[in-house]
There are 2 protein chains.
Amino acid sequence: MVGDRSGAASVADVTSAKARPVPSMADVAALAGVSSQTVSRVSTGADHVKPETRARVLGAMKALGYSPNGAARALRYGNFGAIGVIAHRLARTGESRTVEAVVEAARLHGYTVSLVDVRSPSSDDVTAAAARLSHQAIDGLVIIRAETETPAALALPPHLPVVVSDSRLFGHLPAVGADQSDGARRAVQYLLGLGHTTVHHLAGPEDSSPAQMRAEAWETTLRDAGRPVPPPYRGDWSAESGYQLGRTIAENATVTAVFCANDEMAAGLCRALHEAGRRIPEDVSIVGFDNIPLADFLWPPLTTVAQDFASIGNRLVELLVEQIQDGAELADSRTIIPVELVVRASAGPPPVRP
Amino acid sequence: MVGDRSGAASVADVTSAKARPVPSMADVAALAGVSSQTVSRVSTGADHVKPETRARVLGAMKALGYSPNGAARALRYGNFGAIGVIAHRLARTGESRTVEAVVEAARLHGYTVSLVDVRSPSSDDVTAAAARLSHQAIDGLVIIRAETETPAALALPPHLPVVVSDSRLFGHLPAVGADQSDGARRAVQYLLGLGHTTVHHLAGPEDSSPAQMRAEAWETTLRDAGRPVPPPYRGDWSAESGYQLGRTIAENATVTAVFCANDEMAAGLCRALHEAGRRIPEDVSIVGFDNIPLADFLWPPLTTVAQDFASIGNRLVELLVEQIQDGAELADSRTIIPVELVVRASAGPPPVRP
DNA sequence: AAGCGGAATGTTTACGTAAACATCTCCGGT
DNA sequence: ACCGGAGATGTTTACGTAAACATTCCGCTT
């Protein structure tokens with residue numbers, strides 16, 4: 001076997017690195033006995049190549065294992081066919097679904113995606129990521145959750161089209177996001193409509209803009225209905241935090257309904273309530289947010305606010321491509337994607353007080 | 001301020017596309033009154049530039065909003081600082097955690113990641129994705145689940161370093177994967193050790209290699225223990241499929257233990273059992289596979305086989321970078337990452353038959 | 001003061017590709 | 001036989017960058 005080095009070549013001969021010549025158009029041209037321009041024509045599928053010649057060139061390509069050099073093409077064309085995506089904790093919930101939608105939408109527009117995952121959506125981390133990407137080869141940038149107030153703080157390269165999702169940058173950069181406030185309002189109104197006196201809130205972290213919007217809408221909706229506003233429980237999006245706070249909530253017999261800022265915290269809360277012997281929804285009603293794929297298979301199946309991640313991803317890419325291709329400036333474009341309450345089994349009427 | 005995009009242009013003037021000149025080193029050089037080579041030196045942080053000159057060049061860069069052209073650099077350097085990743089259904093389960101780990105590991109090695117999401121891990125889809133990426137600018141390729149028998153079927157560009165995860169391509173391409181067989185064996189042995197007569201299996205799709213490995217190890221372990229091997233239930237990884245099959249399983253009173261090929265199907269099974277009034281683990285014990293973040297917050301908390309996705313991602317990138325930088329050929333390198341049984345509350349002794 | 005060495009900067013070149021332009025060949029029409 | 005024209009192919013050039021090589025300028029030694 002040619003490629004087998006596991007046995008003999010114990011000495012790592014550095015020369016082998018050079019011994020692997022990546023063929024260029026010129027090599028193919030030489031082998032096929034044509035000019036490199038003809039190779040280019042075959043490579044790009046251009047007209048005016050005799051079928052016979054084309055076949056010969058294709059043969060030479062195959063023989064040499066030629067594939068076009070992306071950098072050279074990008075340099076020539078002036079674009080990369082790639083968009084950058086800065087995401088925050090990819091393996092978590094909605095984030096990855098938005099990314100998936102962006103990747104898919106990008107593919108449909110003929111772009112690939114360069115991904116950078118940042119630990120926190122703080123300005124510093126996002127700036128560092130943007131810097132790395134701008135040294136990369138991208139035509140535009142999608143930022144999913146840039147929790148910063150001004151685009152200046154991001155130190156983005158000018159001339160680089162950018163769109164953001166779920167952010168405070170509206171007015172500075174084109175933004176696309178789900179209707180957080182409407183979602184929270186619907187959740188709270190649904191619970192009030194079931195007869196609950198008030199609704200508690202298991203909130204996301206304070207430095208998250210969607211968390212803030214959901215919390216504010218929760219509070220506003222309660223006030224508008226003339227209901228008492230209990231202090232919110234403050235989690236960090238994780239199921240673990242929902243569980244820990246849930247142990248406190250479970251001890252509070254006055255809590256009959258909880259609106260959770262995301263489904264994962266709701267899952268943690270459910271576990272805490274189960275462990276405390278409080279029934280869902282007979283004793284406590286729960287509504288989540290996000291509609292993660294597993295929401296329907298928690299126990300009980302979780303009533304939640306569904307975000308249309310696919311639409312968000314599509315719209316993000318649309319806005320970005322518009323800027324890239326038309327050079328349009330869309331500074332104050334903002335798209336709000338509607339949200340939907342998915343009623344399952346985790347919420348019901350409040351228990352009857354004896 | 002230079003980077004401020006919040007400006008007036010509410011009218012989308014198409015001319016702005018042309019009026020937006022992306023500055024090059026030459027422009028910076030002209031403004032700073034130096035040669036473009038000096039700009040290059042400043043840009044790359046090279047030596048032999050007088051502090052005063054450097055400052056002047058940096059000023060010119062900022063004034064023009066210069067940022068280096070990635071394509072030109074890549075062409076010059078002969079590499080891209082990017083690796084391609086082909087993943088399958090990003091928003092699902094272990095996939096996204098592996099991707100996250102790969103992204104992180106790549107960052108540590110100084111690479112960004114170009115992502116392509118394919119619908120199915122079939123040969124055709126993966127080939128198409130690889131083709132798209134190879135036209136892109138990448139130094140190497142990570143394929144997560146290429147369910148094909150030979151690398152020839154993938155039509156990968158030669159000269160392109162490749163590693164695969166969870167695949168049948170061992171012997172052809174360097175591979176990294178969790179110890180599927182050991183995980184399944186541990187799960188089954190654990191259940192048998194609790195006293196169950198036999199263990200049923202909720203399997204993954206037949207065309208998936210990890211699903212096959214888990215199913216085979218399940219069967220082998222039962223046979224080795226001299227236990228009857230019931231026909232497996234065949235799902236498609238989704239919680240929905242677990243739920244549908246679970247409704248059948250729930251009707252079968254002889255089932256006391258089920259080993260599920262992943263956690264999501266386990267979640268679906270749990271819901272079906274709950275709905276049928278069968279208790280977990282008192283009536284039916286369940287063990288999953290993957291240890292998704294939510295596994296600890298299902299009800300009951302799911303006993304499952306944990307894959308070390310972070311290690312898999314790291315090792316994939318290590319192997320790839322080794323090939324890229326040393327030109328090493330690692331055709332039959334294979335790394336198997338150990339697996340661990342995480343005992344929670346979804347499995348227990350079988351019910352006592354009256 | 002001549003000469004030397006090294007730092008600072010400029011000039012040339014190549015990376016691989018494809019558009020633009022140039023050339024060449026072959027065909028039919030007159 | 002000649003010419004127009006179109007298809008096929010070759011040649012030149014530019015994309016933006018940075019290495020390699022060349023030059024200038026300075027201060028210091030002898």
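Below, chains carry the letters A, B, ... as their sequence lines are ordered, and counting in each starts from 1. What's counted below: heavy atoms across the whole structure, side chains too, no hydrogens, waters or symmetry copies.
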Shorter than 3.5 Å, N or O on both sides, protein versus nucleotides 24-28 of chain D: list them out with atom names.
none

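- The shortest non-hydrogen separation linking A106(A) to V113(A) is CB-CG2, 3.7 Å.
- With 3.5 Å as the limit, one finds a donor-acceptor pair spanning the side chains of R73(A) and S43(A).
- Distance, N79(A) CG to dA18(C) C1': 13 Å, rounded to whole Å.
- Heavy atoms only, all atoms of each residue included: A101(B) and A310(B) are closest at CB-CA, 3.6 Å.
- Side-chain contact between H159(B) and S67(A): absent, with no pair of heavy atoms (C-beta onward) separated by less than 4.5 Å.
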Per-nucleotide protein contact string for nucleotides 7-16 of chain C, where B marks a base within reach and S marks sugar-phosphate only (heavy atoms under 4.0 Å, - for neither): SSBBB--BBB
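- Residues P174(B) and Q323(B) approach most closely at CG-NE2, 3.6 Å, considering heavy atoms.
- The phosphate of dA18(C) (OP1 or OP2) has a side-chain N or O of Y77(A) nearer than 4.0 angstrom.
- Considering every non-hydrogen atom in both V22(A) and D27(A), the closest pair reads O-OD2, 4.3 Å.
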Working for side-chain contact (heavy atoms from CB on, under 4.5 Å), residues M61(B) and V39(B): CA-CA 9 Å; M61(B) 283 180 176; V39(B) 177; 3.8 Å; yes
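- A salt bridge is absent between R97(A) and E100(A): the closest approach of a Lys/Arg side-chain nitrogen to an acidic carboxylate oxygen does not fall below 4.0 angstrom.
- With respect to the salt-bridge test (charged N to carboxylate O, under 4.0 angstrom), the residues R107(B) and E104(B) qualify.
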Across nucleotides 22-27 of chain C, 5' to 3', mark each nucleotide with B, S or - according to how protein heavy atoms within less than 4.0 Å reach it. ------
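- T53(A) and V34(A) get closest at one heavy-atom pair: CG2-CG1, 3.9 Å.
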